[in-house]
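A quick write-up on the structure given underneath.
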Amino acid sequence: MHAVVLVGGFGKRLRPLTLVTPKPLLPIANLPLLERLMASLARGGVTDAVLSLGFKPEPFLIAFPSNVCAGVKLTYAVEDRPLDTAGAIGFAARHAEIDKRGETFLVANGDVLTDLDIAALVAFHKSTGAQATIHLTPVEDPSQYGVVETNPQGKVNRFVEKPSPGQTTSRNVNGGTYVFEASALDRMPGVAPMSIERETFPELVKDGELFGYATSDYWIDAGRPDTYVRANIELLQRKSIHKVEAISAMSQIAKSATVTQSVIARGCKLGENCQIIRSVLLAGATIDDDAVVVDSAVMGHVGSFAQVNGCLIGVDGEVKSGAILRDAKVPDAS
Ligand code: GDD
Ligand code: MG
């Protein structure tokens, strides 16, 4: 089976981390998110994937020089301007000639980590005869997602992207993994920007061609500062299909440093008495003596006695000695 994987967004919410590394290539427990996603797709029967690229395509080409990721053969569809989600799917699917082959295909948002059984999703899709099926997952606050209302058989009655309060009572949201019949590509010409969430799904609903498949499998969209850090930490704690290396052997950690529920990548340097709590240190991060890092992701440098809480520190990020930062981005990347 072929898949289109959407990896062309700007990753704005994860700036400054994404100024150097596109969101799908950021590591989750020391392995790029995209590799973990591709491994799940491969387990579900995906053999070939087209990466739907726009912003910063080069790092992807460099990351997979043999054009294989987790056993899946890769091709690349590079947009010359952002086509938004449905535009991107239409463009990439045609690039991979999915339209010509007329086969059922899969689509995945490039920032989702889930234990969803892809083969079961595809089997459900085939059982309905619909043009499209989306994976649904329950969340407490649906305001950041596409909220979906279905009937008991799973037929979607309503799809509302990022609803305002009171717009819907459903807690089931679009999990960002879809199965499509090739015929659905007629709705996505792929030549101009178009949103799958705001245009294509509502149209499919009108025509009775959209189903939802709800599961309670582990699911997280790692595209926000808090969820990016949480996706890392939860992978250390939960039972998962994924292999995990929490602390790279290629890092230098002072004996008196304490590391609690955190991920340390290769090339990191941790000074005496520093404390790293529920945080992610990416390759090359440096934490000086007595600094405290909590609920944060760090690529750059945290000076001695600094306290950093809920922050993203980019590759050029410098936290001065003794600074106290909360919910900040360094350098400022709003
Ligand atoms: N190629 C390409 N071109 N990809 C794009 C573009 C584009 O113009 N715009 C966004 N993408 C990619 C992003 O890289 C990401 O992998 C995916 O499309 C979804 O974009 P996000 O920016 O992560 O969307 P979101 O998290 O706010 O919401 C989406 O995901 C939620 C689940 O995680 C929506 O699909 C929601 O309905 C859904 O609930
Ligand atoms: Mg997202």
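The residues of the chain are indexed from 1 along the displayed sequence. When a ligand or atom number is given, it counts from 1 through the structure's own listing order.
Within the 4.5 Å cutoff, the side chain of Y213 has no heavy atoms near those of the F211 side chain. You'll find the side chain of L26 reaches within 4.5 Å of the side chain of M299, heavy atoms only.
When each atom of ligand 1 is checked for a heavy atom of G110 under 4.0 Å away, the hits are 16 (O). Counting the atoms of ligand 1 from 1 in the order shown, those under 4.0 Å from a heavy atom of T85 are 18 (O). Residue L83 has at least one heavy-atom neighbour below 4.0 Å for each of these atoms of ligand 1: 8 (O). Atoms of ligand 1 found under 4.0 Å from any heavy atom of V7, numbered from 1 in the order shown, are 14 (O). In summary, the atoms of ligand 1 found under 4.0 Å from a heavy atom of E197, numbered by their order in the structure, are 34 (C), 35 (O), 37 (O). Here is the list of ligand 1 atoms found below 4.0 Å of a heavy atom in D221: 26 (O), 32 (C), 33 (O). Shown in contact with P82 at under 4.0 Å from a heavy atom are these atoms of ligand 1, numbered in order with element: 8 (O). Within ligand 1, the atoms closer than 4.0 Å to a non-hydrogen atom of K23 are 23 (O), numbered from 1 in the order shown.
Closest to atom 3 (N) of ligand 1, if we only count protein heavy atoms, is E79 OE1, 3.1 Å. Protein heavy atom at the shortest distance from atom 39 (O) of ligand 1 is N174 O, 2.7 Å. Protein heavy atom in closest approach to atom 37 (O) of ligand 1: E161 OE1, 2.6 Å. Among all protein heavy atoms, the one lying closest to atom 27 (O) of ligand 1 is K162 NZ, 2.7 Å.
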Step-by-step salt bridge (Lys or Arg N to Asp or Glu O under 4.0 Å) determination, R13 to D221: CA-CA 12 Å; R13 289 163 290 191; D221 173 339; 5.4 Å; no
Worked check of side chain to side chain donor-acceptor pair (under 3.5 Å) between S170 and N172: CA-CA 6 Å; S170 173; N172 262 348; 5.3 Å; no
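Not a single N or O atom of G176, backbone or side chain, sits closer than 3.5 Å to an N or O atom of ligand 1. Residue contacts with ligand 1: L6 is placed with a nitrogen or oxygen under 3.5 Å of a nitrogen or oxygen of the ligand (distance criterion only).
By the criterion of side-chain heavy atoms lying less than 4.5 angstrom apart, applied directly or through intervening Ile, Leu, Val, Met, Phe, Trp or Tyr residues, V122 is not grouped with W219; the two fall into different hydrophobic clusters.
By the definition of a contact as any protein heavy atom under 4.0 Å away, atom 20 (O) of ligand 1 is not in contact.
In R13, the part holding a heavy atom less than 4.0 Å from any atom of ligand 1 is the side chain. Under 4.0 Å from ligand 1, not a single heavy atom of I196 appears. Both the backbone and the side chain of S52 come within 4.0 Å of ligand 1, judged by heavy-atom distances. Neither the backbone nor the side chain of F91 has a heavy atom within less than 4.0 Å of ligand 1. With a heavy-atom cut-off of 4.0 Å, V173 does not touch ligand 1 at all. Contacts between Y178 and ligand 1, counted as non-hydrogen atom pairs separated by less than 4.0 Å, involve the side chain only.
For D221, the N/O/S atom at the shortest distance from the Mg ion (ligand 2) is named OD2. When the Mg ion (ligand 2) is compared with the N/O/S atoms of D111, atom OD2 turns out nearest.
Between N109, D84, T177, V139, it is D84 that holds the heavy atom closest to atom 7 (C) of ligand 1. Considering each of G9, A92, G223, the one bringing a non-hydrogen atom nearest atom 13 (C) of ligand 1 is G9.
Relative orientation of the F159 and F201 rings is tilted, given thresholds of 30° and 60° on the angle between their planes.
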